Amino acid sequence: MIWLIGSKGMLGTELAEVLTASGLAWAGSDRETDIRDPQALQSWLAAPGGANGQTVDWIVNCSAYTAVDRAEDEEELARGINALGAGNIARLAATIGARLIHISTDYVFRGDGTRPYIETDPVDPQGAYGRTKAEGESLVSNLCPQNFIVRTAWLYGQHGPNFVDTMLRLMRERDSIGVVADQHGTPTWAFDLARAIAAIIKREPASFGIYHFTNAGQTTWHEFAGEIQRLGLEYGLLDHACSIKPLTTAEYPTKAQRPAYSVLSKDKIMAAGIAVPEWKASLHAFFERDLAH
Ligand SMILES: NC(=O)c1ccc[n+]([C@@H]2O[C@H](COP(=O)([O-])OP(=O)(O)OC[C@H]3O[C@@H](n4cnc5c(N)ncnc54)[C@H](OP(=O)(O)O)[C@@H]3O)[C@@H](O)[C@H]2O)c1
């Protein structure tokens with residue numbers, strides 16, 4: 001069976017649905033089984049509400065400390081979850097012989113690239129969140145030989161606060177908003193990432209290690225907002241057009257520095273036979289499936 005850790009988060013909830021629809025047996029844990037506590041993880045394996053003694057073949061770690069700005073003030077708390085917690089999971093996976101899929105982020109890179117980042121590019125995180133995620137990656141790769149580390153970026157979905165919801169709310173409330181136009185990346189629908197994770201479990205790529213997965217293509221937050229507005233109007237979720245002013249990063253300061261360029265190359269995961277849908281098509285599908293009622 002599959003142990004889905006962080007099963008109540010944005011990605012975890014989506015993955016739970018995909019695993020069920022794919023007929024893959026899984027059981028989940030979230031906050032109540034604190035990944036910072038190795039004993040709690042160990043106990044879950046035998047617990048009736050956990051694996052109940054069944055063999056765990058795969059662990060997928062979707063749990064994380066994801067508050068990027070708050071992490072600047074709470075780096076030790078973020079490290080406990082993103083690094084040491086991930087390490088606890090990796091150690092246990094190795095002990096029980098389970099393969100581990102661990103989710104990581106574009107924030108491990110410096111973010112000043114000029115071509116899509118490949119898996120072997122050196123990490124150089126610029127903030128506390130990225131540092132703790134990079135440490136988590138190293139612990140996972142050092143402690144659990146059978147690991148797949150899947151880096152993703154700009155995640156949105158039905159089951160968590162995200163950029164699409166925020167934009168739709170602001171566009172309803174205002175006639176004009178400003179959105180950063182000098183940061184480049186790729187939006188990623190959590191459903192597509194969940195399907196990619198399920199595909200890794202089913203296909204089991206020949207080599208372990210790091211894989212990048214986002215949707216295909218690249219854009220800016222400003223262009224992403226424009227597409228959200230276009231679809232919001234088309235699906236009747238917005239009743240008026242709102243002017244979207246392009247901002248520079250300097251005009252929209254945040255506590256944690258955001259990468260100027262964080263496009264990830266998907267060549268490796270595509271070569272493993274895993275589909276990478278285009279970002280606009282997936283955004284459209286998200287509206288169609290989850291937002292238009
Ligand atoms: N969201 C993005 O834009 C984005 C971008 C790139 C990469 N990622 C990565 O993608 C993965 C999934 O992100 P997400 O957006 O789905 O995150 P999320 O919605 O914040 O979900 C994380 C889950 O982990 C739980 N959790 C936190 N601390 C825990 C602990 N100590 N023990 C057990 N569970 C704990 C959280 O519970 P609480 O809600 O109670 O805290 C939550 O249910 C993460 O690895 C993240 O770093 C996300």
Side-chain angles (χ1 to χ4, degrees), residues 3-18 28-44 50 59-71 74 76-90 92 100-109 111 117 123 125 127-137 139-140 147-166 183 185-194 196-197 210-215 221 224 254 256 258-259 262-264 279:
W3 180 2
L4 173 50
I5 298 181
S7 61
K8 294 182 181 153
M10 180 163 66
L11 175 61
T13 308
E14 201 85 51
L15 181 55
E17 292 172 5
V18 167
S29 66
D30 202 84
R31 271 277 171 196
E32 74 292 345
T33 306
D34 193 329
I35 63 166
R36 292 170 294 181
D37 177 359
Q39 191 51 51
L41 291 172
Q42 179 70 46
S43 300
W44 187 92
I59 301 177
V60 185
N61 179 26
C62 296
S63 70
Y65 176 108
T66 52
V68 173
D69 288 316
R70 206 158 8 106
E74 295 184 342
E76 279 318 300
L77 178 58
R79 176 166 289 110
I81 298 166
N82 293 343
L84 306 181
N88 290 336
I89 294 169
L92 184 59
L100 171 60
I101 300 177
H102 173 73
I103 312 303
S104 193
T105 169
D106 56 321
Y107 277 66
V108 298
F109 291 121
Y117 283 100
V123 301
Y129 168 73
R131 269 193 297 280
T132 62
K133 292 293 287 186
E135 287 168 33
E137 287 188 0
L139 285 166
V140 165
N147 74 75
F148 296 97
I149 293 172
V150 180
R151 292 189 185 128
T152 190
W154 294 29
L155 208 56
Y156 66 87
Q158 198 185 4
H159 303 289
N162 62 77
F163 186 76
V164 180
D165 288 342
T166 306
Q183 293 170 15
T186 314
T188 305
W189 187 18
F191 175 64
D192 290 336
L193 175 55
I197 294 168
I210 301 172
Y211 289 80
H212 289 170
F213 183 92
T214 64
N215 280 130
W221 293 109
F224 187 15
T254 48
R258 299 298 195 270
S262 70
V263 180
L264 302 179
W279 77 266

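Index from 1, following the sequence. Small disclaimer: the values here were computed from a predicted structure and weren't measured. Start at 1 and go down the list; that is how both ligands and their atoms are numbered.
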Taking the side chain as every heavy atom from C-beta outward, state whether [X] and [Y] have any pair of such atoms under 4.5 Å apart.
{"X": "R151", "Y": "V123", "answer": "yes"}
{"X": "N215", "Y": "P187", "answer": "no"}
{"X": "R31", "Y": "K8", "answer": "no"}
{"X": "R36", "Y": "L84", "answer": "no"}
{"X": "I149", "Y": "I210", "answer": "yes"}
{"X": "L41", "Y": "W3", "answer": "yes"}
{"X": "D192", "Y": "F213", "answer": "yes"}
{"X": "Y156", "Y": "D165", "answer": "no"}

What's the shortest distance from [atom] to any protein heavy atom, and which residue and atom give it?
{"atom": "atom 25 (C) of ligand 1", "value": "D30 OD2, 3.6 Å"}
{"atom": "atom 21 (O) of ligand 1", "value": "G9 CA, 3.3 Å"}
{"atom": "atom 12 (C) of ligand 1", "value": "C62 O, 3.5 Å"}
{"atom": "atom 24 (O) of ligand 1", "value": "S63 CA, 3.2 Å"}
{"atom": "atom 19 (O) of ligand 1", "value": "M10 N, 2.9 Å"}
{"atom": "atom 10 (O) of ligand 1", "value": "I103 CG2, 3.3 Å"}

Donor-acceptor pair, side chain of T188 and main chain of A153, under 3.5 angstrom:
yes

Hey, does the side chain of T13 reach the backbone of M10 with a donor-acceptor pair shorter than 3.5 angstrom?
no

Measure [X] to ligand 1 on non-hydrogen atoms and call it side chain, backbone, both or neither using the 4.0 Å cut-off.
{"X": "A64", "result": "both"}
{"X": "T66", "result": "side chain"}
{"X": "K133", "result": "side chain"}
{"X": "N61", "result": "neither"}

Using a 4.0 Å cut-off to any heavy atom of [X], which atoms of ligand 1 qualify?
{"X": "R36", "result": "31 (N)"}
{"X": "L11", "result": "12 (C), 16 (O)"}
{"X": "L155", "result": "1 (N), 2 (C), 3 (O), 4 (C), 48 (C)"}
{"X": "D34", "result": "30 (C), 31 (N), 32 (N)"}
{"X": "S104", "result": "7 (C)"}

Examine F163 together with W154 and report whether their ring centres are nearer than 6.0 Å.
no

So for ligand 1, is [X] a polar contact partner (N or O within less than 3.5 Å, distance only)?
{"X": "T105", "result": "no"}
{"X": "G6", "result": "no"}
{"X": "I35", "result": "yes"}

Select the closest option to [atom] among [options], judged by heavy-atom distance.
{"atom": "atom 8 (N) of ligand 1", "options": "Y65, Y129, Y156", "value": "Y129"}
{"atom": "atom 40 (O) of ligand 1", "options": "K8, H102, R31, E14", "value": "R31"}
{"atom": "atom 6 (C) of ligand 1", "options": "T152, N162, I5", "value": "T152"}

Start with the C-alpha gap between T214 and W279, add the side-chain angles, then the distance that decides, and say whether side chain to side chain contact (heavy atoms under 4.5 Å, CB included) holds.
CA-CA 8 Å; T214 64; W279 77 266; over 6 Å; no

Looking only at heavy atoms, which two atoms of A83 and L139 are closest? And how far apart?
O-CD1, 3.2 Å

Do we see a donor-acceptor contact under 3.5 Å between the side chains of Y107 and R258?
yes

Does T33 come within less than 4.0 angstrom of ligand 1, counting non-hydrogen atoms of the residue?
yes

Check for me whether G160 has a heavy atom closer than 4.0 Å to any atom of ligand 1.
no

